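Notes follow the structure.
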Amino acid sequence: MIGLFAVTAAGRRAAADLAIRVGPEAMVVDGPLAPALRRVWDRLDAAVFFLGSEAVLRLVAPLLQDVHTDPGVVCVDEAQRFAIALTGGPARRGHALAEQVADALGCTPVVTTAGDSTGSTPLDELVGVLDATADGDPAECGTAVLDGLPVRLENPLGFPLPALPGNVGTDVPDPMWTIVIDDGVARDRPDERVLRLIPRTLVVGIGSMRGVSRTAVTEAVAALERRYGLDPRAIRSLASVDRKADERGILEAAQDLGFWHSRDGGEELPLLTYPADALAAVDVPHPSETVRDAAGTPSVAEAAALRGAQEIAAGGPVELAVPKIKGDQVTVAAARVRPRGRLAIVGVGPGDGELRTPRAEAELRRASIVVGPDRCLEQVRHLLRPGTELRSGGPAAEQLAAEAVRLARGGNAVALIGSGDAGVYAVAGPALERAGADIEYVGVPGITAALSAAALLGAPLGQDHALISLSDRHTPWEVIERRVRAAAEGDLAVCFYDPRSRQHDWQLPRALQILAEHRPATTPVGAVRRASRDGPRVWCAPIGEFDAAEVDACTTVLVGSSQSSVIGGRMVTPGGYRWMAAE
């Protein structure tokens with residue numbers, strides 16, 4: 001949620017306009033400023049103030065508590081010349097919001113945090129990306145990174161990282177700083193300045209006798225550090241068999257160690273538990289018939305650790321980091337969720353930067369490699385971190401998808417981009433046909449050509465509708481024609497993608513002919529060339545008069561249903577079923 005606050009008439013008008021541009025997540029907060037701010041502060045991800053910066057600082061200062069949880073704060077001056085990021089907030093939302101506000105209001109964004117102003121990946125953002133604990137001085141290390149000093153990166157588990165500056169690398173000799181990303185305890189480095197990032201990779205399984213003490217459990221868990229060199233801050237969860245869900249010693253130890261999980265409709269649980277038959281199905285190195293007789297499964301500690309890691313990994317790779325070790329009436333084992341390559345499939349919208357989502361821009365900054373068609377890469381080049389690799393791989397979706405999956409499978413953080421929505425006649429399908437569970441997947445929707453064209457025409461898709469590509473490159477024309485005929489018989493409004501090319505100029509006239517057989521000659525046909533790009537052309541004509549020769553490969557064509565009409569120069573398909581009422 002983004003709260004918008006103003007005290008002057010001009011500020012309130014700007015806030016209302018910004019709320020429309022940002023969308024439903026923005027909320028204009030009414031009432032006296034200070035009490036209104038206190039009322040909603042805990043629910044905000046970010047806040048925009050149309051007020052002087054000194055006044056904003058005095059308002060928010062008593063409410064600020066933690067850099068990782070406080071909302072991002074942006075201040076816009078009364079003349080609306082600048083959008084100033086005062087605090088970053090979670091995932092540096094305030095810094096990105098300053099740019100978004102500046103785009104919407106036509107003013108200049110002001111971001112003074114060094115990492116953001118230079119475009120490089122800030123280290124505290126890297127901490128958030130990895131869901132890690134930082135051990136060391138991120139600010140001092142970040143200064144060294146920004147100053148271009150040699151910084152060595154040690155990433156033995158292979159986490160996919162965003163683009164980092166050229167002075168940060170795995171082969172840097174004589175580094176001024178070393179960044180270590182690992183779940184092991186620190187080794188002695190007396191002559192080095194080290195920033196350790198400890199991701200939460202571990203699930204600890206626990207088996208015990210009935211009545212085990214809290215101390216026995218905590219001592220057994222502590223042995224993972226003492227004997228096997230695992231950092232306790234890397235533990236993400238404790239797990240056991242479900243009959244231990246009420247074991248007081250385990251529950252008390254779990255609470256002492258701070259493990260709480262949201263599961264099963266939001267219920268907060270101190271540990272993960274699984275039925276004995278689910279644990280019995282887990283392949284473990286040290287099964288025990290004695291344990292089977294007592295617990296209904298040949299393994300509790302190892303099986304629960306692996307089962308918990310599998311749940312968290314959601315199909316990704318896991319491994320047994322520490323086999324079961326015995327304590328006083330308790331056994332523990334640790335499983336690791338292995339990092340995997342990351343593939344974000346991102347729709348970058350129809351071309352206009354205002355129609356590109358903030359989440360899409362965040363994913364582009366998260367990637368170290370961006371793959372896409374040349375025209376899409378040019379649209380987003382200015383948003384990327386310094387050092388981000390660009391890969392085109394050819395114009396065909398299959399080629400781009402294969403390249404992106406190959407790179408993600410190699411352990412990289414990859415963004416595969418497509419115009420509009422990447423899942424609509426674009427790269428998402430071919431990519432996901434190739435990608436398995438060994439790749440982490442993130443999907444980011446975009447505004448499609450159909451939606452951007454429809455918005456320029458009016459409301460042609462106000463009722464049931466179909467999207468049909470007229471390209472017979474991968475689909476036989478007989479199949480396409482059958483689909484057009486089905487849409488015609490169903491009286492659906494239709495949006496045609498790929499309506500015309502140099503080699504194929506007869507498909508659109510034929511499709512319009514089929515539709516015309518089932519609806520009035522006055523049915524409107526709308527066309528938009530280069531929707532939401534420079535120099536768009538929008539026109540509309542009755543289906544009996546529409547000239548398909550005016551359409552080219554950059555045009556999207558929308559055909560109304562029998563109920564569609566032109567009202568005030570705008571194409572409208574009524575939202576209600578009026579024909580049913582007429583019957």
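A quick note: this is a predicted structure, and the numbers were derived from the prediction, not measured. Heads up: numbering here begins at 1 and tracks the sequence.
A heavy-atom distance below 4.5 Å is found between the side chains of Arg375 and Ser419. Within the 4.5 Å cutoff, no side-chain heavy atoms of Val525 are placed close to those of Pro542. A 4.5 Å side-chain heavy-atom check between Asp183 and Leu157 finds at least one atom pair inside the cut-off. Using a 4.5 Å cut-off on side-chain heavy atoms (C-beta onward), Ile417 and Val370 make contact. The shortest side-chain heavy-atom distance between Ile198 and Asp182 does not fall under the 4.5 Å cut-off. Annotation: side chain of Val371 is in contact with side chain of Leu407 (closest heavy-atom distance under 4.5 Å). Counting heavy atoms from C-beta on, the side chains of Gln507 and Arg500 never come closer than 4.5 Å. Taking 4.5 Å as the limit, some side-chain heavy atom of Leu416 sits within range of a side-chain heavy atom of Leu400.
In this structure, Ala19 and Val28 approach most closely via the heavy-atom pair CB-CG2, 4.0 Å. Closest approach of Pro109 to Ala98, counting heavy atoms only: CB-O, 3.8 Å. Nearest heavy-atom pair, Ala454 versus Leu461, reported as atom, atom and distance to 0.1 Å: CB-CD1, 4.0 Å. For the residue pair Pro71 and Leu44, the shortest heavy atom distance occurs at CG-O, 3.4 Å. Of all heavy-atom pairs between Leu377 and Leu390, the closest is CD2-CD2, 4.2 Å. Residues Ile181 and Pro199 share a closest heavy-atom pair of CG2-CG, 3.9 Å.
Looking only at distances, a side-chain donor or acceptor of Tyr497 sits under 3.5 Å from a matching main-chain atom of Ala450. Under a 3.5 Å cut-off, the side chain of Asp45 and the backbone N or O of Ile2 do not form any donor-acceptor pair. Of the possible polar contacts, one joining the Gln463 side chain to the Gly575 backbone as a donor-acceptor pair under 3.5 Å is found. One N or O on the side chain of Ser452 and one on the backbone of Ala449 form a donor-acceptor pair closer than 3.5 Å. Using a distance-only test at 3.5 Å, with no hydrogens or angles considered, no donor-acceptor pair links the side chain of Arg356 to the main chain of Asp352.
A distance of 5.0 Å separates CG in Asn155 from CG in Leu161, rounded to the nearest 0.5 Å. Taken to the nearest 0.5 Å, the CD1 atom of Ile312 stands 13.5 Å off from the CZ atom of Arg336. Atom CG of residue Asp491 and atom OG of residue Ser562 lie 3.0 Å apart, to the nearest 0.5 angstrom. Annotation: the span from Leu558 atom CG to Leu457 atom CG amounts to 6.0 Å, rounded to 0.5 Å. Between Ile468 atom CD1 and Tyr425 atom OH the span is 7.0 Å, to the nearest 0.5 Å. For the atom pair CG of Leu164 and CZ of Arg385, the computed distance is 9.5 Å after rounding to the nearest 0.5 Å.
Under 3.5 Å, the side chains of Ser368 and Asn412 contain no donor-acceptor pair of N or O atoms. For the residue pair Asp552/Thr555, the side-chain donor-acceptor check at 3.5 Å is satisfied. Using modelled atom types, one finds no donor on one side chain facing an acceptor on the other under 3.5 Å when comparing Asp421 with Thr448.
Heavy-atom neighbours of Arg519 CZ from other residues, nucleotides or ligands within 6.0 Å: above the threshold of 12.
Taking 4.0 Å as the cut-off between side-chain N and carboxylate O, Arg391 and Glu389 count as a salt-bridged pair. By the 4.0 Å N-to-carboxylate-O rule, Arg406 lies close enough to Glu403 to be salt-bridged with it.
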Is there a side chain to side chain contact (heavy atoms under 4.5 Å, CB included) between Trp539 and Val551? Walk through the geometry before answering.
CA-CA 10 Å; Trp539 72 101; Val551 171; 4.2 Å; yes

For Arg366 and Glu361, what are the C-alpha separation, side-chain angles and deciding distance, and is it a side chain to side chain contact (heavy atoms under 4.5 Å, CB included)?
CA-CA 9 Å; Arg366 170 69 176 84; Glu361 296 185 359; over 6 Å; no

What's the verdict on side chain to side chain contact (heavy atoms under 4.5 Å, CB included) for Ile439 and Arg409, showing C-alpha distance, side-chain angles and the deciding distance?
CA-CA 6 Å; Ile439 296 175; Arg409 192 159 279 140; 4.0 Å; yes

Apply salt bridge (Lys or Arg N to Asp or Glu O under 4.0 Å) to the pair Arg537 and Glu550, showing each step before the final yes or no.
CA-CA 11 Å; Arg537 182 192 172 201; Glu550 295 186 64; 2.6 Å; yes

Verdict with supporting geometry, Val484 and Phe496, side chain to side chain contact (heavy atoms under 4.5 Å, CB included)
CA-CA 10 Å; Val484 174; Phe496 287 126; 4.0 Å; yes

I'd like a table of donor-acceptor pairs (distance under 3.5 Å, sequence neighbours excluded) in which one partner is a side-chain atom from residues 510-518, with atom names and distances.
residue: Arg510; atom: NH1; partner: Gln513; partner atom: OE1; Å: 3.2
residue: Arg510; atom: NH2; partner: Glu481; partner atom: OE2; Å: 3.0

Tabulate below the donor-acceptor pairs under 3.5 Å that side-chain atoms of residues 337-347 make, not counting sequence neighbours, or state none.
residue: Arg338; atom: NH1; partner: Glu319; partner atom: OE2; Å: 3.4
residue: Arg340; atom: NH1; partner: Ala437; partner atom: O; Å: 2.6
residue: Arg340; atom: NH2; partner: Ala313; partner atom: O; Å: 2.8
residue: Arg342; atom: NH1; partner: Glu363; partner atom: OE1; Å: 2.8
residue: Arg342; atom: NH2; partner: Glu363; partner atom: OE2; Å: 3.2

